[in-house]
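Heads up: the structure comes next, in structure tokens.
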Amino acid sequence: MSGTFVGMPAFPKAAHEAVGNTTLRANLKHATHTIRDKRAKAVAELDDWALLREAGKQIKDHTLRHLDTYLVQLEEAVTAAGGTVHWAADADEANRIVTRLVKETGESEVVKVKSMATQEIGLNEALEAEGIHAYETDLAELIVQLGHDRPSHILVPAIHRNRGEIRDIFTKEMGAWGRPAPEGLTDTPAELAEAARLHLREKFLRAKVGISGANFMVAETGTLVVVESEGNGRMCLTLPETLISVVGIEKIVPTWRDLEVFLQTLPRSSTAERMNPYTSMWTGTSDSDGPQAFHLVLIDNGRTDTLADEVGRQALRCIRCSACLNVCPVYERAGGHAYGSVYPGPIGAILSPQLRGTASEIDASLPYASSLCGACYEVCPVAIDIPEVLVHLRERVVQGGPATRQGNKVVLKPAKGHAAERAAMRTAGWAFVHPGALRAGQRLASRTRRFHPRTLPGPGRAWSATRDLPQVPAESFRDWWQRTHGTKESGK
Amino acid sequence: MRVALFLTCVNDTLYPDTGRAVVKLLTRLGVDIDFPMGQTCCGQAHYNTGYRHEAEPLARKFSDVFGEYDAIVTPSGSCGAMVRELYPRMGERARAEGRGDGLAATLAPVVPKTYELTEFLVDVLGVTDVGAYYPHTVTYHPTCHGLRSLGLGDRPYQLLKAVKGLDLKELPGAAECCGFGGTFAVKNSDVSAAMAEDKVRNAGSTGADVLCAADNSCLMHLGGTMSRLHTAMRPVHIAEILASTQEEPLS
Ligand code: SF4
């Protein structure tokens with residue numbers, strides 16, 4: 001995945017900063033609670049939500065099972081419609097392809113919209129290194145780019161910013177990128193939106209090359225679909241002469257009929273709207289309208305490895321609605337940056353360690369960035385059992401085991417730094433299959449209870465820094481039972 | 001009907017009062033309850049931290065100890081969920097790893113017979129008024145595994161509403177996790193503590209003097225936070241409220 005986040009500290013450390021930042025926490029709490037309440041209402045309007053959710057899950061599972069077939073069908077359909085398909089195994093290859101395609105047009109500026117995939121591979125940085133400037137045109141992504149910042153939410157990448165911060169970013173940075181912000185800009189939403197509109201309009205009218213992502217690709221016709229609310233996406237898709245769409249291979253659906261399900265579940269889950277304002281669809285090129293050259297760059301970048309994992313593959317069903325982020329109590333406190341990738345929140349915690357592997361400190365810590373409360377699974381419109389995958393990945397971190405990396409079956413070693421925990425788990429496991437040992441331990445704890453500290457040494461210190469420990473009782477239950485019911489015939 | 005109490009390792013060691021309350025309550029309702037001394041731990045902490053292989057012997061042990069009973073009752077939503085939701089999954093995983101059906105077959109019998117306490121009262125015994133008396137203002141935290149994995153629904157509320165003298169207050173943001181999550185509370189201590197503080201503040205805003213739940217692990221985490229924040233509220237397990245009567249009140 002992207003070079004942007006390399007060297008990130010482990011999740012708990014990154015989250016520590018966020019938890020202490022009261023402005024950030026207030027921004028996030030307000031935003032996530034507002035949208036989660038609205039989503040619940042929008043979903044409750046449909047009496048067949050459970051069926052739609054199941055249908056979405058099944059369509060995606062079916063597609064993933066036959067991904068090879070549908071990808072070939074898609075390639076044929078795109079080619080027949082006048083487009084060109086490129087295959088990229090990893091981020092580097094994808095960046096090389098896109099850079100070459102832009103250079104072939106002779107341009108040094110591109111406008112971009114709706115592409116987490118390009119952030120995943122670090123495309124903007126790769127283009128910049130070759131002297132090509134990429135301008136983000138989605139409002140929230142524009143804010144992130146102007147602020148030299150990173151996205152922290154799937155749908156609202158600038159969710160961590162409030163209006164005052166956005167005004168300051170516009171005033172200070174817009175001039176360096178194009179049309180400056182108007183004099184005396186205030187932080188009212190209307191003025192901010194107008195400043196962005198004027199700034200972006202100039203870019204749209206000048207750009208000869210557009211780069212986009214896609215929410216869906218329809219195999220039967222080679223059609224790509226973008227779902228958005230601003231209309232900026234449509235500008236990017238229709239005004240430039242050349243359009244390059246960079247899309248993950250898992251974004252495919254077999255037929256137009258399948259869209260019926262997702263065009264209901266996606267907007268309700270993400271923006272709590274019954275229907276999003278703009279749904280743009282494009283199929284290859286057309287003589288009279290839109291871009292005259294169309295390239296589709298299909299990226300793997302860890303996806304077929306993920307597909308090889310029986311438990312983890314369900315993460316590829318994700319339609320990036322961000323509902324799981326908005327209900328996640330951990331995301332709400334830790335913020336999106338702590339997840340160290342363009343995919344934050346619960347889905348990020350299971351997707352990044354699969355796409356990138358669990359070798360780095362941040363990736364090994366992500367499966368633990370959850371209390372397993374299950375709120376994410378409950379809202380997910382394609383029923384991804386995120387807690388199940390988290391536990392599965394924890395197992396990979398602490399015990400290693402079989403995995404697929406770059407198409408090869410490998411046996412992963414456990415991540416470093418879990419030796420003490422593993423020993424403790426084994427000891428506890430042993431004591432628990434030997435009730436006598438458990439009982440001896442309980443008695444010792446009871447007898448020494450007056451000497452127990454209310455704070456703990458070692459890893460336990462983190463617990464007792466903010467919570468008091470309960471006092472060990474004078475007598476365990478089993479001793480009480482033995483004393484009071486001892487004569488009764490008790491089980492093994 | 002032969003009914004066994006599965007108390008859980010946390011309750012046995014740290015919260016024996018909850019166990020005594022379950023015994024008192026079920027005995028009052030005419031259930032002859034047994035406590036098999038061979039019981040230890042369901043393996044949840046191991047499983048959820050990524051030590052599935054270490055959890056397997058504990059699951060086998062559980063099945064061995066409880067297999068012959070007609071019903072297994074536990075005052076813990078999360079340990080109940082471990083047996084009901086995750087034991088079948090452990091069996092499936094063993095099968096997927098080419099280890100045959102052995103584990104699945106061993107664990108299968110205990111899965112449908114395991115009930116969380118409020119489920120057992122409402123679904124098996126068919127009672128909502130257990131004859132309890134508890135003159136306090138109480139707010140109820142549903143806990144994630146009870147709420148989502150077991151789907152306890154309004155059973156605990158039905159039981160609490162029938163308790164004489166009890167004034168039940170609705171908890172704002174009830175469905176939100178308290179931040180315990182087993183080893184999560186240690187591994188992500190900052191986030192966990194922030195979640196607990198919000199839960200305690202929400203509970204405090206109801207004016208209740210007791211925060212009730214059906215899981216002592218969550219209550220331990222919240223109680224520890226209350227004590228640190230010096231709130232007047234106390235954590236109390238639902239079994240202790242339901243066991244309390246006019247003649248023998250629990251404080
Ligand atoms: S995992 Fe589910 S809820 Fe989360 S973004 Fe993906 S589709 Fe939406």
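Numbers restart at 1 for each chain; the letters A, B, ... are given by sequence-line order, proteins then strands. Scope of the values below: all heavy atoms of this structure, side chains included, with no hydrogens, waters or symmetry mates. Keep in mind that this is a model prediction, so the values were computed, not measured.
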Interface moiety of [X] toward chain A, non-hydrogen atoms closer than 4.5 Å:
| X | value |
| --- | --- |
| Leu5(B) | side chain |
| Arg20(B) | both |
| His145(B) | side chain |
| Leu14(B) | both |
| Phe62(B) | neither |
| Arg93(B) | side chain |

Heavy-atom pairs under 4.5 Å with chain A - which of [options] has more of them than the others?
| options | result |
| --- | --- |
| Ala4(B), Cys177(B), Ala175(B) | Cys177(B) |
| Ser149(B), Gly181(B), Gly50(B) | Gly50(B) |
| Glu97(B), Glu197(B), Lys61(B) | Lys61(B) |
| Leu86(B), Asn11(B), Asn48(B) | Asn48(B) |
| Asp17(B), Thr183(B), Asp198(B), Thr143(B) | Asp198(B) |
| Leu229(B), Val23(B), Leu222(B) | Val23(B) |

inquiry  = Within this structure, what is the CG-CD distance for the pair Leu147(B) and Glu378(A), rounded to the nearest 0.5 Å?
reply    = 6.5 Å
query = Roughly how far, to the nearest 0.5 Å, is the CZ atom of Phe477(A) from the OG1 atom of Thr18(B)?
reply = 10.0 Å
key: Under the side chain to side chain contact (heavy atoms under 4.5 Å, CB included) test, residues paired with Ser370(A) that sit two or more places apart   = Leu372(A), Leu390(A), Arg394(A)
Can you tell me if [X] has over 12 outside heavy atoms packed within less than 6.0 Å of its [atom1]?
| X | atom1 | result |
| --- | --- | --- |
| His16(A) | NE2 | no |
| His33(A) | NE2 | yes |
| Lys113(B) | NZ | yes |

query = In terms of heavy-atom pairs under 4.5 Å, which option from Glu388(A), His392(A), Arg396(A), Glu310(A) contacts chain B the most?
reply = Glu388(A)
ask   = For the candidates Val398(A), Asp479(A), Val327(A), Val391(A), which exhibits the highest count of non-hydrogen atom pairs separated by less than 4.5 Å from chain B?
value = Val398(A)
Taking C-beta and beyond as the side chain, do [X] and [Y] meet within less than 4.5 Å on heavy atoms?
| X | Y | result |
| --- | --- | --- |
| Arg478(A) | Thr13(B) | no |
| Ser476(A) | Pro16(B) | no |
| Glu395(A) | Tyr51(B) | no |
| Met37(B) | Trp481(A) | yes |
| Cys373(A) | Arg148(B) | yes |

If every non-hydrogen atom of [X] is compared with every non-hydrogen atom of [Y], which pair is closest and at what distance?
| X | Y | result |
| --- | --- | --- |
| Val19(A) | Ala194(B) | CG1-CB, 4.1 Å |
| Thr49(B) | Tyr368(A) | O-OH, 2.9 Å |
| Ser371(A) | Met195(B) | OG-CE, 4.1 Å |
| Val191(B) | Ala15(A) | CG2-CB, 3.8 Å |

ask   = Going through the checks in order, is the salt bridge (Lys or Arg N to Asp or Glu O under 4.0 Å) test met by Asp190(B) and Lys13(A)?
value = CA-CA 9 Å; Asp190(B) 292 318; Lys13(A) 195 155 171 245; over 6 Å; no
message = Please determine whether a side-chain nitrogen of the Lys or Arg among Glu176(B) and Arg36(A) lies less than 4.0 Å from a carboxylate oxygen of the Asp or Glu.
response = yes
